[in-house]
Each structure stands twice: as structure tokens, then as C-alpha cells.
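For reference, the structure is listed below as C-alpha cells.
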Amino acid sequence: MLEKYWMQNVGRTGRWCLVGAFVAGGWILSAGTGRAQEATQGWLFNLSGAGQQVGQALADKGIYLTGGFLGQSLNVVSGGRQQGSFYDSFTSVGADFDMNKIAGINGGIVHLLVSDLAGQSYANYTGSYFAYAVPYAYGDGFRLNEFSYEQELFDNRVRILAGRINLTGDFDISPIQCQFMTTICSNLPGYVFDKSAVGFNTSSWGATMTLKPSKPTYVKFGVYEDEPSVALSNQMGWPGKDWDFQSAAGATIPVQIGYHTTPQDDPYPRAYDIGGFYDTATYADPLLNTAGQARVLSGGSPLEHTGRSGVYLQAQQMVYRPDPKSDRGLTLFGAANWTTSGETAIANDVMVGLYDKGPLASRPNDSLGVALTFIASNHRVTQDIDDTIIAQGGTGHVSSEEAALEVNYGIGLAPGITLIPFMQYVSHPDQYINPTPSGNLNYSLTVGVGLSIGFNQALGLPQLTRGGY
């Protein structure tokens with residue numbers, strides 16, 4: 001997978017997880033971290049000099065190009081709604097503008113990132129909406145991922161980010177999760193689908209603040225506009241009418257407290273955090289109409305609720321590190337989300353896994369990943385799907401318990417370029433928002449391969465050093 005600022009930034013999980021696998025985790029360094037390693041170890045080829053001269057000329061003026069590509073070829077070989085092959089891809093391009101060089105504002109950065117998403121729907125094949133593929137959004141489109149201003153203050157003890165930003169970029173996220181191609185990148189499903197603020201490859205108005213009482217500790221909080229219209233292709237032609245605050249349906253307010261170390265200051269680096277959110281928006285009950293009856297069978301308008309909330313925990317710990325001078329090592333990780341109020345789509349989820357960077361000394365840029373995710377749907381969601389089956393003349397029931405297992409192996413081809421064969425098995429696909437659900441859909445088995453390219457690392461483009469978690 002691709003590293004986007006880590007090591008220079010020591011832990012900025014930030015918005016780059018929203019571009020799928022374009023991030024390596026915190027202190028989990030991806031193929032090609034460090035120029036010495038790039039020059040000497042394990043690559044099949046190296047293109048990192050191709051853009052260095054042009055990139056440096058722009059960087060000298062305060063302009064740092066950035067972007068990446070992720071393409072996936074997937075094949076549902078057994079089970080699922082239908083079997084067969086499909087493809088999706090995500091391409092992003094943008095720039096970071098160093099306002100110190102441009103305007104003499106120390107610690108100021110302007111971020112711009114746009115992207116194009118293309119391909120077929122993962123859920124149409126597997127039947128699972130929650131165990132999604134990495135390049136997830138709400139349909140094909142050319143979108144604005146970010147247009148924001150960041151200001152670091154007091155020797156990076158305070159970081160403020162504001163503008164058109166992404167809800168999934170700063171909270172309930174662990175970059176180690178973006179070593180995977182399905183289900184948990186960039187956030188667990190319980191955080192992605194249980195509020196009104198649209199996640200992933202879209203952006204809306206928001207602001208965050210991070211406070212760092214000490215080097216390993218931080219507290220961060222934010223407010224994000226709930227804006228359903230940003231799910232549309234091209235975000236209503238941005239900048240369009242969705243840029244006024246009249247389009248807001250409410251606000252999502254998250255907070256997170258954490259502890260984070262790096263390979264430079266901890267022989268076995270670790271990261272732990274706890275957080276939660278409150279969403280002020282009004283939303284439709286997943287099952288009932290205004291008379292308290294099942295809407296699919298009885299008709300009527302949806303019962304509406306206002307406000308919902310959730311909490312989460314995350315942990316990762318390196319447990320084996322064969323060489324203290326290397327980023328190779330085995331890390332165990334886990335996370336969980338719980339709904340604390342409201343009628344959310346997912347009641348809770350739990351994820352556990354391992355990530356082995358450089359499992360073979362002769363292949364230090366390769367990686368092995370295993371992740372198992374358990375997803376418990378709200379029983380009202382499950383009942384609504386069962387009612388749809390009945391209304392369409394079918395029989396059987398869907399399970400509220402879904403599990404997804406992914407195993408992958410990242411092959412470091414060159415600095416910034418990784419080939420990722422993977423397998424995903426989903427037990428009891430959720431069939432959420434499936435217009436023709438089946439009571440007999442028990443599993444899906446998908447095999448695939450992804451190609452991940454980080455333009456900065458692959459072409460040797462300079463990257464802007466930044467701080468924050």
C-alpha cells in the first residue's frame with residue numbers, strides 16, 4: 001500500500017485514508033519508506049527519479065503535487081448475488097501549498113484534492129453493502145475530496161483544519177486499516193454508515209482542532225456539516241449550491257483522545273484511542289412508518305428521528321520487530337464501534353487482525369495482512385429486509401450477523417507501486433438497500449488483485465512535511 005506523509009508527519013492519519021489504500025499506517029510504514037531503503041532493498045524497478053526535477057522546482061515555490069491511483073479487479077467465484085468479474089478504480093490528483101514559502105505564514109498549508117471514481121458496484125455482486133470495496137462512494141463521478149486550510153501553531157502543539165473536508169479523515173481511523181482492500185478502509189462500517197455526514201470520497205464544510213499535550217498524546221474534536229447532496233455525482237457541480245449552508249441537514253460532532261508512538265521513539269510502537277460522535281440530523285427510521293407499523297408491508301411515510309450517537313475504541317501494537325533499524329515487524333490491531341443512541345444501520349462492529357511488514361528479510365517491502373470483521377445490523381434493518389422478501393413473494397430470512405475475512409499479500413514492485421492479491425469471504429451478506437433481497441444468500445467468496453500507485457513516491461515528487469495525528 002502507499003505511504004502518504006507518515007514518518008515526516010509521525011502519525012497524521014488524516015484525510016488521505018479517504019482515497020482508499022493510498023495511506024500506510026501511522027508507524028506502519030509501507031513499501032518504500034525512506035530514500036536509503038528505496039535505493040538498496042528489494043525493488044523490481046525504480047521510477048522515483050522521473051518527476052523529481054519538476055517536482056522540486058515546484059516545491060521550491062511552495063507547491064507540492066500529490067495524488068495516487070488504485071485499481072481493483074475482483075471476481076466473485078462462489079456465492080453472492082451473482083458471480084463474475086468486475087472492476088473499479090480511483091484516481092486522485094491535487095496539491096499542497098506551503099503558505100510559509102508563498103505568503104510568509106509559518107505553519108499554514110492549503111490542501112486541494114480531486115478524484116475520479118469509476119467501476120461497478122461491489123454490492124451488486126457480493127450482496128454486501130457494509131463489507132465494501134476500498135474505492136467506495138455513492139456512484140461514479142469526478143469529485144472534490146478536499147479544499148481546506150490547515151494551520152499549525154505553538155510548535156505543532158495545536159493544529160486547526162477547516163474548509164471542505166471529509167468526515168472519515170480524522171476520527172475512528174487507523175491507517176493500518178488502509179492496508180486492506182475491503183471492509184475497513186478507511187473506517188469501520190459502524191462509523192461510516194451510522195450518521196448523516198457523507199464519508200469517503202466526498203467533502204462538506206467542516207473544521208477540526210487537534211491538541212497535543214505531549215509528543216505521544218493528543219485530543220481532537222471537530223464539527224462536520226451533514227449534507228446529503230454531496231453524495232451526488234460531481235457534488236452538484238462544485239462549487240455549486242451545495243456550498244451554501246442552507247443545504248445542511250445538521251452536524252456531526254466527533255471527539256477522540258489517543259496515545260501514539262513511532263519507531264523512532266519506541267522499540268515496539270503502539271497506538272490507542274477512544275472516541276465518539278453525536279449527529280444532530282433528522283433521519284428516517286429503518287423500519288417503521290409514522291403509525292409505528294412496518295413501512296414495507298403497510299406503506300406510509302417513514303417515522304423520523306432526530307439525533308444519534310456512537311462510541312469507539314481502537315488499538316494497535318507491534319509485537320515483533322526483527323531489526324530496530326528497520327520498519328519490518330508484526331503488528332496486532334483491533335477496533336470496535338457501538339451505537340449509544342438512535343436507530344443506526346449498524347448496531348455494533350468489531351475488527352481484529354494482523355499486519356506483517358516485510359515478512360521475508362529478502363522482501364522487506366512486501367506485506368501480509370489478515371483482518372476479520374464482525375458486523376451486527378440493527379434488528380430493524382434486518383426486519384425491513386425480511387419484509388421486502390415477503391412483499392416480493394419470497395421466503396427465508398436474512399441474518400443480522402455478518403462477518404468478513406480478508407487475507408492479502410502486498411508485493412512491493414517499486415517505490416510507491418504495490419501489487420496486492422487478496423481474498424475476501426463474507427458470511428451472511430447484509431443485503432442492505434438491495435432492491436431484491438434473498439432469504440437464501442449465505443456467503444460470498446471474492447478473489448481479486450489491486451494495483452496501488454502513490455505518485456509522490458513512485459515519481460520521486462517532494463512531499464510537504466507536516467505534523468499532527
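Note that these values count all heavy atoms, side chains included, but never hydrogens, waters or copies made by symmetry.
Residues F193 and Y129 bring their aromatic ring centres within 6.0 Å.
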Before giving the answer on salt bridge (charged side-chain N to carboxylate O under 4.0 Å, His left out), spell out for E227 and R164 the whole-Å C-alpha distance, their side-chain angles and the decisive distance to 0.1 Å. CA-CA 11 Å; E227 187 179 354; R164 300 290 292 193; 3.7 Å; yes
Step-by-step ring-ring contact (aromatic ring centres under 6.0 Å, His included) determination, F130 to Y432: CA-CA 8 Å; F130 298 144; Y432 184 62; 5.0 Å; yes
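Residues satisfying the ring-ring contact (aromatic ring centres under 6.0 Å, His included) test with F277, not counting sequence neighbours, are Y191. Under the rule for a ring-ring contact (aromatic ring centres under 6.0 Å, His included), the partners of Y425 that lie at least two apart in sequence or sit in another chain are Y443.
Distance OH/Y409 to CG/L419: 11.5 Å, rounded to 0.5 Å. The CG atom of D88 sits 13.5 Å away from the OH atom of Y132 when rounded to the nearest 0.5 Å. Note: F97 CZ to I63 CD1 = 5.5 Å, rounded to the nearest 0.5 Å.
One finds no salt bridge joining D273 and K220 here, because no Lys/Arg side-chain nitrogen approaches an Asp/Glu carboxylate oxygen to under 4.0 Å.
Across all their heavy atoms, M99 and I109 have their closest contact at CG-N, 4.1 Å. Of all heavy-atom pairs spanning G190 and I346, the tightest one is N-CD1, 3.8 Å. T183 and P189 get closest at one heavy-atom pair: O-CD, 3.6 Å.
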